Asker: 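Here it is: the structure, laid out below.
Lettering of chains follows the sequences in order, A, B, ..., and the numbering in each one begins at 1. Here the structure is a predicted model, which is why all the values come from computation and not from measurement.
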Amino acid sequence: MAGIAIGCPPPSAGLSRKAAIVGVAESDYGADYAAQRAKAPGWVAPSPETLAPEVFAAALADAGLAREDIDGLACGFLYGGPTPEEMAGMLGIRPRHTMAVLGLQRGSLPQVCAAIAEGKADTIAVITAVASRSLGRVFGNYSGDGGASATYYYFNPWGWTSQGAHWGLSWQHYLHAHGHKESDLGVVPVQLRANAMLTDNAVMRTPLTIADYLASRYIVKPLRLLDMCLVNDGATCLIVQRADLARDAAKVPVAVAGWGSAAVTENKLDALVRRHLADEFAESGRQALAMAGLEHSAVGHLEGYDASSFHLVNHVEGHGFAKPGTALSAWAAGEFAPAGRVPVNTAGGMLSGSYQHGWSQVVEVVRQLRHECGARQTPGLEVAMTSVGETDMVHPVLFTRGL
Amino acid sequence: MSATEARRSARPNRTLGPGHDTFWEWCARGELRLPRCTGCGKLLWPVASACDHCGGGAFTWERQSGRARLVGWNVFAQSYFKGVLETPYTTILVELEDGPLFVANPVGFGEADMAPGLALELRFVPARDQAGDFDLPVFALAEM
């Protein structure tokens with residue numbers, strides 16, 4: 001049974017297309033990653049304080065706006081950072097509305113849209129920064145506080161924890177059910193690496209083959225190093241504006257047309273491992289399409305939350321872009337490549353592009369809907385979807401070109 | 001040190017507190033018992049203070065048969081518990097006869113033996129964490 005994910009505003013049609021994204025910017029993930037590895041003398045680890053002003057200035061330039069045009073600030077610094085009020089001071093702005101956003105999966109973008117619809121601000125800069133690699137963060141150990149789900153820590157006495165373990169079980173169940181070999185999953189990281197090679201600021205831009213994939217070490221078998229997303233520093237900035245003002249934007253505005261959310265309420269391991277969150281994907285997807293007044297067939301591009309390669313298989317099938325059990329052969333046939341039937345994660349996703357917890361995929365959707373993506377452009381794109389499908393919840397957002 | 005102490009396996013910490021302690025007390029008596037909600041009858045795992053199906057807060061502790069079927073398995077190559085568990089090690093996901101999915105470790109068998117549906121039965125192994133000694137429920141191949 002699916003419940004509404006905590007924090008996401010309800011998918012009310014009255015909130016559809018009330019706000020649009022008029023400016024985007026990202027840090028140079030690839031350059032920062034290389035600099036961090038090289039650690040040349042004088043290198044300083046990026047922090048929200050150093051990353052935010054750069055992406056803010058770049059997003060303003062992209063939107064053709066000035067600092068004075070920004071009357072709202074939303075900040076999401078996942079591993080700590082200044083308060084939104086402090087950041088406003090650092091950016092030299094005096095917003096009438098500030099808000100902290102906890103992460104894309106919590107419904108942050110709908111929260112920003114709702115704030116605009118409620119009149120709290122007209123033009124909100126949404127700045128998110130991740131400096132996890134510089135803090136030496138390794139993923140896997142969770143404590144029982146702060147709302148962390150029990151499955152991450154309750155089974156520790158048996159040595160069980162981590163995303164890799166959760167999704168490794170889900171992939172294993174899937175491969176048995178559909179008669180796959182472990183190597184079949186390699187098509188996903190291989191395709192996403194090819195996509196990253198078309199993306200100037202992507203972290204991983206050297207060619208990847210299936211042989212490379214199979215040579216990469218296991219993290220939690222059956223998932224390998226090359227199945228797991230990057231850990232890297234970076235920041236994004238979106239300028240989100242009230243729809244009627246956005247009509248005059250310097251570039252084609254991208255409307256936030258709909259969203260949905262659904263959370264597992266019980267039997268989490270069964271829902272994830274054996275049912276692949278099918279109910280949650282179906283319900284949240286239905287909500288988003290209904291809110292946007294769109295048919296599924298209208299969606300021409302998907303940016304899914306590829307914390308692992310199998311996450312992305314799950315997104316594609318869960319959101320109805322491939323029948324259950326068929327996604328991997330469809331990938332191998334190029335159906336999800338930039339020139340394919342439904343392009344998926346065209347900037348390399350989190351596997352090869354950047355791990356910004358989904359925010360860089362919002363940026364990619366905006367660029368795709370503006371038709372700015374050059375060699376990786378989805379031709380004639382009008383409607384795109386992002387989705388965060390995690391171990392116990394799914395949150396899709398639908399975007400349309402223009403207003 | 002006694003032979004049992006020498007064999008006692010160091011483990012990452014259990015979640016303890018009301019309800020959780022009761023689970024481990026039953027393990028110390030050689031029994032796998034799970035809370036069954038008196039409101040709706042659901043058998044819960046992990047232990048929780050409220051039933052995640054009906055919200056009820058009263059439970060009876062029901063002894064499990066110890067029989068289970070293998071659902072899946074992981075081999076941990078990355079170390080998440082440095083200094084406590086050496087990699088690689090194997091974990092299993094089993095379905096208990098009465099329904100709940102249960103994470104555990106295999107004893108007396110390994111990856112090469114594993115297939116979905118494999119019949120298993122409960123064992124306990126001596127363990128310790130930072131809170132003290134305990135008996136850890138694990139699974140062996142079911143004897144014919």
Asker: Find out whether A:P189 and A:D227 are in side-chain contact, i.e. whether some heavy atom of one side chain is under 4.5 Å from a heavy atom of the other.
Answerer: yes

Asker: Passes ring-ring contact (aromatic ring centres under 6.0 Å, His included), B:F102 versus A:W158? Steps please.
Answerer: CA-CA 11 Å; B:F102 195 91; A:W158 293 274; 5.5 Å; yes

Asker: Whether the side chain of B:N74 engages the backbone of A:W160 through a donor-acceptor N/O pair (distance < 3.5 Å, no angle test) should be reported.
Answerer: no

Asker: Of the listed residues (B:L136, B:L93, B:L85), which shares the most heavy-atom pairs with chain A below a 4.5 Å separation?
Answerer: B:L136

Asker: With a 4.0 Å cut-off on N to O distance, would you call B:R33 and B:E31 a salt bridge?
Answerer: yes

Asker: Looking only at heavy atoms, which of residues 35-53 of chain B get nearer than 4.5 Å to chain A?
Answerer: B:K42, B:W45, B:P46, B:V47, B:D52, B:H53

Asker: Is B:N105 reaching over with its side chain to a backbone N or O of B:T90, donor-acceptor style, under 3.5 angstrom?
Answerer: yes

Asker: How far apart are the C-alpha atoms of A:E280 and A:K268, what are their side-chain angles, what is the distance that settles it, and do they pass the salt bridge (Lys or Arg N to Asp or Glu O under 4.0 Å) test?
Answerer: CA-CA 11 Å; A:E280 290 73 23; A:K268 175 179 167 173; over 6 Å; no

Asker: Under a 4.5 Å cutoff for heavy-atom pairs, which residue among B:P137, B:A127, B:A10 has the most contacts with chain A?
Answerer: B:P137

Asker: Looking at B:V138, B:I92, B:V75, B:T87, which makes the most heavy-atom pairs under 4.5 Å with chain A?
Answerer: B:V75

Asker: Can you check side-chain contact (heavy atoms from CB on, under 4.5 Å) on A:Q172 and B:M114, steps first, answer last?
Answerer: CA-CA 12 Å; A:Q172 188 191 65; B:M114 295 191 190; over 6 Å; no

Asker: Quick one: what part of B:F76 sits under 4.5 Å from any heavy atom of chain A, side chain, backbone, both or neither?
Answerer: both

Asker: Which word best sums up how the rings of A:H180 and A:W171 line up, parallel for under 30°, tilted for 30 to 60°, or perpendicular for over 60°?
Answerer: tilted

